[in-house]
Protein chains: 2
Amino acid sequence: MGSVVVIGSVAFDDISGPGGSASDILGGSATYASLAAAFFAPSRLIACVGMDFHASAVEKLKGRGVDVSGLERLPGKTFRWSGIYTPGFRGRETLSLDLGVFNDFKPSLNGPLPKGTFLLLGNIDPDLQLAVLDQAGSSAFVAADTMDHWIKGKRAALEKGLRRTDLFFLNDSEAELLTGETNMIVAGALIREMGPRHVVIKKGEHGSLLFGPSGVSALPAIPLEKVKDPTGAGDAFAGAMLGWLAKTGANDDESLRGAVARATVMSSFVVEEFGVNRLTELTQAEFDARLNRLRDLVRF
Amino acid sequence: MGSVVVIGSVAFDDISGPGGSASDILGGSATYASLAAAFFAPSRLIACVGMDFHASAVEKLKGRGVDVSGLERLPGKTFRWSGIYTPGFRGRETLSLDLGVFNDFKPSLNGPLPKGTFLLLGNIDPDLQLAVLDQAGSSAFVAADTMDHWIKGKRAALEKGLRRTDLFFLNDSEAELLTGETNMIVAGALIREMGPRHVVIKKGEHGSLLFGPSGVSALPAIPLEKVKDPTGAGDAFAGAMLGWLAKTGANDDESLRGAVARATVMSSFVVEEFGVNRLTELTQAEFDARLNRLRDLVRF
């Protein structure tokens, strides 16, 4: 079995929307991703927090087996994000964002990553992603996530990173922003030409598309009558994919398909509650039942 | 094997959008639906046209085995629709609409429909749909389609028809309009409570959802790099579903799932060209290849 290394943000979030509101909850791309990955394989978190970080939050991560030895505590405040979802979860607005200690974060891998490592560059500044890639060596499988903010403001660094990325995640509006294409099938192909062997376009309630050397595959999302908070669903999707790949130790097209299925299931749990609580309490039996649900969903 | 009876519009369309433009082409909900149904089973068309209707258009229908004995020729002009698709095919605006002979159309079934008949009430005035239902008797399987226009303007008649409908088709924005729900899983359940045993919510490029007594199933759309014209895709979807059900002679949950898969494939061909030409030239080999593509698409 391989292992997963996740670089990204650990944050406190204030969230409101159609599903209600919650404040001061543990969030951040690396939090969701490392917890999701740890469900399948050893998962190491590389991030930073401020002096205000709760010990209980660290325990949540450790309790699910996440290796937090790379979680640095720096003078200052933990990254804080406040956002609101519009009706029907159709859009999201950032109300405030305070990078806090992330302003001075210099992620360190402590040397090149061995073969069998699945590195996830979570949604952070593409320059930071590049700094991590420079340390990682060439043996690890590299996956990266991003967001509209970086596509608009740091395209050159983003594109440089893409050429060194094996698997790239983005959502449909980001794919349109990056390529100028409204047809996601064309957009996925164009992004593959920018470097990544595999591309996943996440479409929320509409599921996802996977692009690879053998073509396109597609899965719907798990039908959910109640959605409370989509925050972190994309991060958990990415983390679950890498966790599954690490567990199987493979990165061929077939393994990627299997990983997308597990990621689809994992992210369906995340949106049912605010924060990471659904993730930290998830049982194998619950997961397996929903994976069977996904198989049944597309059967004909 | 059963057979399909389709009531709806036969029209001439002027269409423009991101895929180009075409004018004076054969269209209408019943045209697309009866052609799609005829691919699988005997298909009878009940509609009206004006004195300006081309003989070549009738030949197109007959050439694919559609029974056009119920296509009445009335004094006046054929139904004419002109529409434009917005960028990315995200929306559609009606530029002009002339009902023509449809203003005076009194559809006639020539008596009750025998068991084994799959009746499709295409997207026409719900009062006309009810008039057909009154003639149909209680042996036929009844499917109905609609559009935002009727949901807004003829809700009472629409709801009356729904109570006598076995399978109801609508797209996601229509489902929201009808139920006030943005969550399509909830919306589908609410619409089932209005009468239909089965409901299909069509989501265009995102595929479709099928709701029935045994729960929800979902399939993605066939990935297409080129879309020219989505007009008629929903009608062909409905027609293909009924054609497949008629071919199998069944209407249980499993058969409905199989029908949605065939409908997904059929509608993917329709959007590749303006009008019905892709439908009228479709071969069994092409269809089978794409059905295999759909199976492969969701495999994991």
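Throughout, protein chains are lettered first and strands after them, A, B, ... in sequence-line order, and every chain is numbered starting at 1.
Residues A:Ile201 and A:Leu170 are in side-chain contact: their nearest non-hydrogen atoms beyond the backbone lie under 4.5 Å apart. Side-chain contact between B:Met266 and B:Phe287 is present, with heavy atoms from C-beta onward closer than 4.5 Å. You'll find the side chain of B:Val270 reaches within 4.5 Å of the side chain of B:Leu279, heavy atoms only. Here the side chains of B:Val298 and A:Leu219 are in contact, with some heavy-atom distance below 4.5 Å.
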Inter-chain polar pairs, chain A versus chain B: which donor-acceptor atoms lie under 3.5 Å apart?
residue, atom, partner, partner atom, Å
A:Arg90, NH2, B:Glu176, OE1, 2.6
A:Glu176, OE1, B:Arg90, NH2, 2.6
A:Asn183, ND2, B:Leu224, O, 2.9
A:Asn183, ND2, B:Glu225, O, 3.3
A:Lys203, NZ, B:His206, ND1, 2.9
A:His206, ND1, B:Lys203, NZ, 2.9
A:Val216, O, B:Arg293, NH2, 3.3
A:Ala218, N, B:Leu297, O, 3.1
A:Leu224, O, B:Asn183, ND2, 2.9
A:Glu225, O, B:Asn183, ND2, 3.3
A:Glu254, OE1, B:Arg299, NH1, 2.6
A:Glu254, OE2, B:Arg299, NH1, 3.3
A:Glu254, OE2, B:Arg299, NH2, 3.3
A:Arg257, NH1, B:Asp296, O, 2.6
A:Arg257, NH1, B:Arg299, O, 2.8
A:Arg257, NH2, B:Asp296, O, 3.1
A:Arg257, NH2, B:Asp296, OD2, 3.1
A:Arg293, NH2, B:Val216, O, 3.3
A:Arg295, NH1, B:Phe300, O, 3.1
A:Asp296, O, B:Arg257, NH1, 2.6
A:Asp296, O, B:Arg257, NH2, 3.1
A:Asp296, OD2, B:Arg257, NH2, 3.1
A:Leu297, O, B:Ala218, N, 3.1
A:Arg299, O, B:Arg257, NH1, 2.8
A:Arg299, NH1, B:Glu254, OE1, 2.7
A:Arg299, NH1, B:Glu254, OE2, 3.3
A:Arg299, NH2, B:Glu254, OE2, 3.3
A:Phe300, O, B:Arg295, NH1, 3.1

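In this structure B:Phe118 satisfies the ring-ring contact (aromatic ring centres under 6.0 Å, His included) test together with B:Phe141, sequence neighbours excluded.
For residues 211-230 of chain A, the set of pairs meeting the ring-ring contact (aromatic ring centres under 6.0 Å, His included) definition, not counting sequence neighbours, is empty. For residues 172-196 of chain B, the set of pairs meeting the ring-ring contact (aromatic ring centres under 6.0 Å, His included) definition, not counting sequence neighbours, is empty.
With a threshold of 4.5 angstrom between heavy atoms, B:Leu224 approaches chain A through N, CA, C or O but not through any side-chain atom.
Note on A:Leu294, A:Val216, A:Leu256, A:Leu210: by heavy-atom pairs under 4.5 Å with chain B, the leading option is A:Val216. In terms of heavy-atom pairs under 4.5 Å with chain B, the best-connected choice from A:Pro220, A:Pro223, A:Gly88, A:Gly215 is A:Pro223.
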